[in-house]
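Just so we're on the same page: letters track the sequence lines, and every chain starts at 1.
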Protein chains: 2
Amino acid sequence: MDTLETRELRYFVTVAEELHFSRAAERLGIAQPPLSRAIQQLERRLGVTLLDRDRRGVALTDAGRVLLDEARVLLDSAAAAARRTQRAAAGPNRLTLATKAGANHELLRRLLDAHGAEPDAAEIEVVLCGMGDQARMLRDGRADVAFMQRPFDALAGFDTEELLTEQQVAILPAEHPLAARSSLTLADIADVPDLPVARWPSQDGTYEPGRGPEIHDLSQLAQLIALGHASAVLCASSRSWLWSAHAAVPLTDAPHVTTVLAWPAHSRSQAVARLVKTAVDL
Amino acid sequence: MDTLETRELRYFVTVAEELHFSRAAERLGIAQPPLSRAIQQLERRLGVTLLDRDRRGVALTDAGRVLLDEARVLLDSAAAAARRTQRAAAGPNRLTLATKAGANHELLRRLLDAHGAEPDAAEIEVVLCGMGDQARMLRDGRADVAFMQRPFDALAGFDTEELLTEQQVAILPAEHPLAARSSLTLADIADVPDLPVARWPSQDGTYEPGRGPEIHDLSQLAQLIALGHASAVLCASSRSWLWSAHAAVPLTDAPHVTTVLAWPAHSRSQAVARLVKTAVDL
DNA sequence: GGCTGTGATACCTGGGCGGTATCAGCGCAG
DNA sequence: CTGCGCTGATACCGCCCAGGTATCACAGCC
């Protein structure tokens, strides 16, 4: 029947991305004829036409699109497997935990303290990464577990354990009139002319159009708010790092944020299991 | 660095399962020396010792155990990718939906009706499978979506959409004294001497020890209950197929059951997306 | 009609996969 | 202690196939 070789998948993905055999061959560092042949073999083995080569170029068939998606995650998973194996060899009882700036420090600290107190606790290396990077780090095997937040982070494909649900708050300059209010709504802060809501980059690093300043960093944000040039919406635990120039006002209509511990769905690691157990008992 | 070839992974998994090079080679249909060499190559490429070969046998190292887990899901995923590609080629706008006997018929029917009414709806093939088989069918690419139930089915690694939450009920012979009650608890039915609770097989097909009759089939169960030889705990929608000789009594303390629509987390299929959208709007 | 650029075909070469034969360590029966 | 049996490792060889070069067939286009 089948058994897709990873070499063939690598070749196919490159051709599917370039839609051009010669360029794909160049990217792969091989000549074009062997590449053509490899793709033909793959098609023959599967009994499926993956690419339509007619005049003026190459196009993916429906089946080709399916295989492209599948092959991408397969290759990523293979690279991840290699990394995880190497990490397991490097330190038998070590874990890498990915989190992001702005996640709940207190909670993480409590988790690490509790886990550290257990017998034969794994040594935990905490990696701070950018806003949507924890998912990537879990997926590509550079991290074993991650602190993530619903509904912000994409949790598809991970196992998760809910740790804490909290309200969101508006972070405002302390001297701004709105800061005196005991609660606010999203509408209240959405269109304040002198206080635009700061904008975070989306997954791909670009910014949605909008008025607020483009932010990529919490300290940047803190600075801007302290200067009275921006507001932001963050989860309530952010209060822990606020300056005296900041004020936090609960938002009544913003969705609640749940901090979760996430790990690859198929993980059978003892160390991960122990950490999760500690987290559940917290 | 790396790029694990699937051939190597296949070899490694077999050796790790047999813990014996010669037997593994036999299972793989090759001679022992090339197998030894392939494993050595894999270890050298990763820079990791996967197997301890000392006197009297072969043992997995920690890293080897990690790679074994990873490799198994990788190989399964590869086989799944091949199947999905072939299915996509066979019928471009077809979906296979896996469900189990005992799942909510009404709900499925409503979903299929609603979806069928949409423009360019996918043709949906419904596959009935055994109790825990939907997860396997999703994982190995024989199904695109599945009807599953929380907390019974393992949903790790899938994306899900909740469809309906319902109470569980005890199914009893109609003439049994307990059948007259308006509600029951799990304790009420747990130890009725003449009415043991039927036992379902677990994932691996074996039965937990216990008193109740071993069941593998809904019609079998229905028969046994009608005869007055067993009781069962099922979700409330099971009422739809009850016989007149059956009675259903709500259980106040059994966990609620949520029927979910599940699909592989990385699926980008348009057809799946449309079906899910229909389900959400239901 | 050349010219350019596409992917496919033909054919050759070499590395690597798989084969056989054999070795080296260890346990064990005697 | 010694030979035997069993393990996995090593040595070496042959052949297949991945990859290279050269070329073709076909399309668009000045």
Looking at [X], I'd like to know whether one of its side-chain N or O atoms comes within less than 4.0 Å of OP1 or OP2 on [N].
X	N	answer
Ser36(B)	dG8(D)	no
Gln32(A)	dT21(D)	no
Arg37(B)	dT10(D)	no
Gln41(B)	dC17(C)	yes

What is the separation between atom [atom1] on [X] and atom [atom2] on [N], rounded to the nearest whole Å?
X	N	atom1	atom2	result
Gln40(A)	dA8(C)	CD	C1'	7 Å
Ile30(B)	dC16(D)	CD1	P	18 Å
Arg53(B)	dC26(C)	CZ	P	15 Å
Leu35(A)	dG7(C)	CG	P	9 Å
Glu5(A)	dG16(C)	CD	P	16 Å
Leu42(A)	dA8(C)	CG	P	13 Å
Glu26(B)	dG19(C)	CD	C1'	16 Å
Arg45(A)	dA18(D)	CZ	C1'	13 Å

### Task
Would you indicate which nucleotide in dC17(C), dA10(C), dG8(D) comes nearest to any side-chain atom of Arg7(B)?
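Of all the options, the side chain of Arg7(B) is nearest to dC17(C).
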### Query
Which one, dG19(C), dG7(C), dG20(D), comes nearest to the side chain of Ala31(A)?
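Taking heavy atoms from C-beta onward, the closest nucleotide is dG20(D).
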### Message
Taking the nucleotide of DNA chain D with the nearest heavy atom to each, does Gly29(A) or Pro33(B) sit closer to the 5' end?
### Response
Pro33(B)
### Message
Any residue in residues 8-24 of chain A with a heavy atom nearer than 4.0 angstrom to DNA chain C? Just list them by number, or reply none.
### Response
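The stretch gives His20(A), Phe21(A), Ser22(A) as the residues lying under 4.0 Å from the strand, ordered by number.
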### Heavy-atom closest pair, residues Thr278(B) and Ala114(B)
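Scanning both residues, the minimum pair turns out to be CG2-CB, 3.7 Å.
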Pairwise distance [atom1]([X]) to [atom2]([Y]) - rounded to 0.5 angstrom:
X	Y	atom1	atom2	result
Leu155(B)	Leu138(B)	CG	CG	10.0 Å
Leu50(B)	Arg65(B)	CG	CZ	11.5 Å
Gln149(A)	Leu163(A)	CD	CG	11.0 Å

### Message
I'd like to know if Glu43(B) and Arg53(B) make a salt bridge, using a cut-off of under 4.0 Å between side-chain N and carboxylate O.
### Response
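Judged by the 4.0 Å cut-off on N to carboxylate O distance, Glu43(B) and Arg53(B) do form a salt bridge.
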### Query
Between the side chain of Glu214(A) and the main-chain N/O of Pro201(A), is any donor-acceptor distance below 3.5 Å?
no
### Query
Has Gln220(A) got more than 12 heavy atoms of other residues, nucleotides or ligands less than 6.0 Å from its CD?
yes
